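In what follows, a single structure is set out as structure tokens and then discussed.
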Amino acid sequence: MSVGHDALLSDGFVLSTMIRVECALVAAYVEVGAAPRGARVEIDHVFGIDEKGGASARGIDVDALVRNAVAGGNPVIPLVGALKAQVPAEHRAWIHRGATSQDILDTALMVVARRAVEQTRRSVANAAVWARQLATAHADEVSAARTLTQHAVPTTIGARAATWARGLERAVVRLDALVFPAQLAGAGGTLASFVEITGSTDAADALPAAFARALELDAPDAPWHVARWPVTEIGDALVQAIDALGKMAADVATLSRTEIGEASEGVGGGSSAMPQKQNPAEAVLIRSAALRAPHLGATLHLASALAVDERPDGAWHSEWPTLRELLRLAVGASAHGSSLLAHLRVDAAVAAATVGLTGGRIVSERLRGVLVPLIGAERFAALLDGDDDLAPRLRALPEAAGLDVDALLDPARYLGLAPRLARGTGHAGGGTAQSRGVDA
């Protein structure tokens with residue numbers, strides 16, 4: 001799902017981010033006047049923070065860190081020891097000073113989440129633009145709307161694509177509304193250690209905002225160590241984005257069935273055993289993400305609800321892999337969604353032919369309103385029986401002598417607002433991706 005797109009979620013990147021968070025704490029101490037500037041300069045240099053593309057995790061054995069994390073229940077404990085060993089003795093005390101493991105890990109995951117959400121947002125916005133282009137290009141091309149798998153009434157290819165676009169655009173709005181607060185609360189959420197270290201309640205109160213600025217995160221209003229809404233809101237927005245992508249992918253997979261053939265993916269899709277096949281590979285991958293994402297979102301809520309005391313026993317720990325996996329799915333699914341829509345091939349001729357498979361019965365909703373007053377409900381039901389062409393039957397009805405049968409049966413004349421909705425001009429003006437603030 002996420003191969004080639006999830007470098008921001010690798011163990012190595014998370015480790016580097018935790019180290020940057022530790023360095024940001026030193027920077028925050030300097031900003032509030034508690035630590036000497038030389039400590040920040042030296043520590044940033046040791047971990048490459050002052051270098052463009054610096055490798056902050058150099059000298060850290062990831063596998064060993066993971067093994068050593070078991071004893072304390074999180075990776076920050078062994079990491080702090082490894083970091084202190086690399087820092088000159090005169091500045092060593094400022095590493096992790098006053099912080100608790102949750103401060104570092106929560107904040108690191110917010111940094112990782114912000115970067116991954118930005119990447120997801122770009123891909124979802126691109127997908128929405130592609131969907132809008134499809135909607136406009138095919139706004140008037142007739143297709144069969146399906147309800148409960150069966151032909152319902154005529155719609156247009158563009159109206160269906162516009163439905164995809166609206167879901168994607170709304171997902172972008174949700175992603176844009178997210179906040180990513182830093183966490184700096186100390187052992188029990190009271191910041192007592194920071195008051196002691198800075199010697200001032202005002203300095204301690206200013207420290208979390210300075211910490212957040214150093215990492216380009218949002219300043220927290222208060223500790224959220226057991227108020228887990230930052231995590232659940234990110235999860236909810238990601239699930240909504242993957243839902244929107246999944247809806248589109250499910251439609252594409254259905255429309256690309258051999259016996260339907262109204263759409264096909266433009267890239268990939270080979271089979272190992274059946275050379276004639278072009279599988280909807282990207283749609284399949286996106287659907288796999290959409291099937292998994294809601295359960296991951298639910299796990300985040302379950303962990304949030306069980307965040308007991310001032311640090312939970314296991315619920316907090318369950319968030320780390322869950323959030324990373326949900327971010328990974330979102331990054332991968334959105335990249336595939338943008339690619340799928342950019343290369344999607346639509347066969348309007350096949351879609352139009354499919355509309356005629358029921359001999360005009362796809363407009364039976366319209367026919368009922370016209371014919372039942374003339375021939376009654378029972379005769380109308382009998383008229384629809386079978387799957388032959390309805391036109392000769394209608395012309396044979398004495399009561400239909402004054403009707404334009406061809407116009408009555410023309411699906412293109414029973415589209416309602418579908419073309420307008422496809423162009424984004426239905427209802428109260430609708431709007432396009434661009435007018436809603438969604439861009440690439």
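FYI, the numbering just counts along the sequence from 1. Quick caveat, the model's predicted, so the values are computed rather than measured.
Judged by distance alone, with hydrogens and angles left aside, the side-chain atoms of Ser256 form a donor-acceptor pair with the main-chain N or O of Ala253 at under 3.5 Å. Looking at Asp218, its side chain never comes within 3.5 Å of a backbone N or O of Val179 through a donor-acceptor pair. Side-chain atoms of Arg361 come within 3.5 Å of backbone atoms of Leu384 as a donor-acceptor pair (strictly under, hydrogens ignored). Between the side chain of Asp6 and the main chain of Leu9, no donor-acceptor pair closer than 3.5 Å is present. Not one N or O on the side chain of Trp164 forms a donor-acceptor pair closer than 3.5 Å with the backbone of Ala249. The closest donor-acceptor contact from the side chain of His225 to the backbone of Glu310 lies under 3.5 Å. Between the side chain of Asp347 and the backbone N or O of Val350, at least one donor-acceptor pair lies under 3.5 Å. Distance alone, capped at 3.5 Å, is enough to place a donor-acceptor pair between the Asn126 side chain and the Arg122 backbone. Listed for the Arg40 side chain is no donor-acceptor partner under 3.5 Å among the backbone atoms of Ala27. Between the side chain of Tyr29 and the main chain of Arg97, a donor-acceptor pair closer than 3.5 Å is present.
If you take OG1 on Thr232 and CD on Glu319, they are separated by 8.5 Å, rounding to the nearest 0.5 Å. Separating the CD atom in Glu22 from the CD1 atom in Ile104 is a distance of 3.5 Å, to the nearest 0.5 Å. Rounding to the nearest 0.5 angstrom, the gap separating the CG atom in Leu291 from the CD1 atom in Ile286 is 12.0 Å. Atom CD of residue Gln240 and atom CZ of residue Arg170 lie 6.5 Å apart, to the nearest 0.5 angstrom. Atom CD of Glu282 sits about 9.5 Å away from atom CE of Met1, to the nearest 0.5 Å. Distance check: Leu245 CG to Ser334 OG gives 6.5 Å after rounding to the nearest 0.5 Å.
The list of side chain to side chain donor-acceptor pair (under 3.5 Å) pairs with a residue in residues 153-162, not counting sequence neighbours, reads Ser143-Arg160.
Annotation: side chain of Tyr414 is not in contact with side chain of Pro411 (no heavy-atom distance under 4.5 Å). Residues Asp61 and Leu65 have side chains not in contact (no heavy-atom distance under 4.5 Å, counting atoms from C-beta outward). The shortest distance between side-chain heavy atoms of Leu383 and Leu394 falls below 4.5 Å. Looking only at side-chain heavy atoms (C-beta outward), Glu325 and Arg292 come within less than 4.5 Å of each other. Contact of the Thr107 side chain with the Leu184 side chain is not registered, since no non-hydrogen atoms from C-beta on lie closer than 4.5 Å. Contact check for Val124 versus Ser338: no side-chain heavy atoms found under the 4.5 Å cut-off. Within the 4.5 Å cutoff, the side chain of Ile19 has heavy atoms near those of the Ile60 side chain. Inter-residue side-chain proximity for Phe211 and Val21 is flagged as met; some heavy-atom pair is nearer than 4.5 Å.
For the residue pair Asp106 and Trp316, a side-chain donor N or O sits within less than 3.5 Å of a side-chain acceptor on the partner. Using a 3.5 Å distance cut-off with no hydrogens or angles, the side chains of His301 and Asp236 do pair a donor with an acceptor.
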Worked check of side-chain hydrogen bond (donor to acceptor under 3.5 Å, both in side chains) between Thr100 and Arg311 = CA-CA 11 Å; Thr100 189; Arg311 185 170 302 119; 3.0 Å; yes
Test side chain to side chain contact (heavy atoms under 4.5 Å, CB included) applied to Asp140 and Arg423, step by step = CA-CA 9 Å; Asp140 300 304; Arg423 294 185 174 89; 2.4 Å; yes
Run the numbers on Arg366 and Asp410 for salt bridge (Lys or Arg N to Asp or Glu O under 4.0 Å), then give the verdict.
-> CA-CA 10 Å; Arg366 180 189 201 184; Asp410 185 357; over 6 Å; no
Kindly indicate, with the supporting measurements, whether the criterion side chain to side chain contact (heavy atoms under 4.5 Å, CB included) is fulfilled by Leu238 and Leu175.
-> CA-CA 7 Å; Leu238 293 173; Leu175 293 170; 4.2 Å; yes
Criterion salt bridge (Lys or Arg N to Asp or Glu O under 4.0 Å) on Glu265 and Arg345, from CA distance to verdict = CA-CA 6 Å; Glu265 293 186 9; Arg345 295 194 296 243; over 6 Å; no
Checking salt bridge (Lys or Arg N to Asp or Glu O under 4.0 Å) for the pair Asp385/Arg393: CA distance, chi angles, key distance, verdict?
-> CA-CA 11 Å; Asp385 190 40; Arg393 292 191 182 197; 5.9 Å; no
Would Ser304 and Val231 count as a side chain to side chain contact (heavy atoms under 4.5 Å, CB included) if you check the C-alpha gap in whole Å, the side-chain angles of each, and the deciding distance to 0.1 Å?
-> CA-CA 8 Å; Ser304 173; Val231 175; over 6 Å; no
Tell me, with the steps shown, if Arg257 and Glu262 meet salt bridge (Lys or Arg N to Asp or Glu O under 4.0 Å).
-> CA-CA 8 Å; Arg257 289 175 180 268; Glu262 295 179 22; over 6 Å; no
Would Leu341 and Leu168 count as a side chain to side chain contact (heavy atoms under 4.5 Å, CB included) if you check the C-alpha gap in whole Å, the side-chain angles of each, and the deciding distance to 0.1 Å?
-> CA-CA 12 Å; Leu341 288 168; Leu168 294 166; 4.1 Å; yes
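Met248 and Leu340 get closest at one heavy-atom pair: SD-CD2, 3.7 Å. When all heavy atoms are compared, the tightest approach of Ala108 to Thr17 is O-CG2, 3.5 Å. Residue Ala348 comes nearest to Ile157 through the heavy atom pair CA-CD1, 3.9 Å, listed as atom of the first residue, atom of the second, then distance. Between Phe194 and Gly186, the closest heavy-atom pair is CE1-N, 3.7 Å. Smallest separation of non-hydrogen atoms from Ala185 and Asp103: N-OD1, 2.8 Å. Ile234 and Ala113 get closest at one heavy-atom pair: CD1-CB, 4.1 Å.
Aromatic ring pairs are classed by plane angle as parallel below 30°, tilted from 30° to 60° and perpendicular above 60°; the pair His336 and His5 is perpendicular.
Between Arg213 and Glu31 a salt bridge is recorded (basic side-chain N to carboxylate O distance below 4.0 Å).
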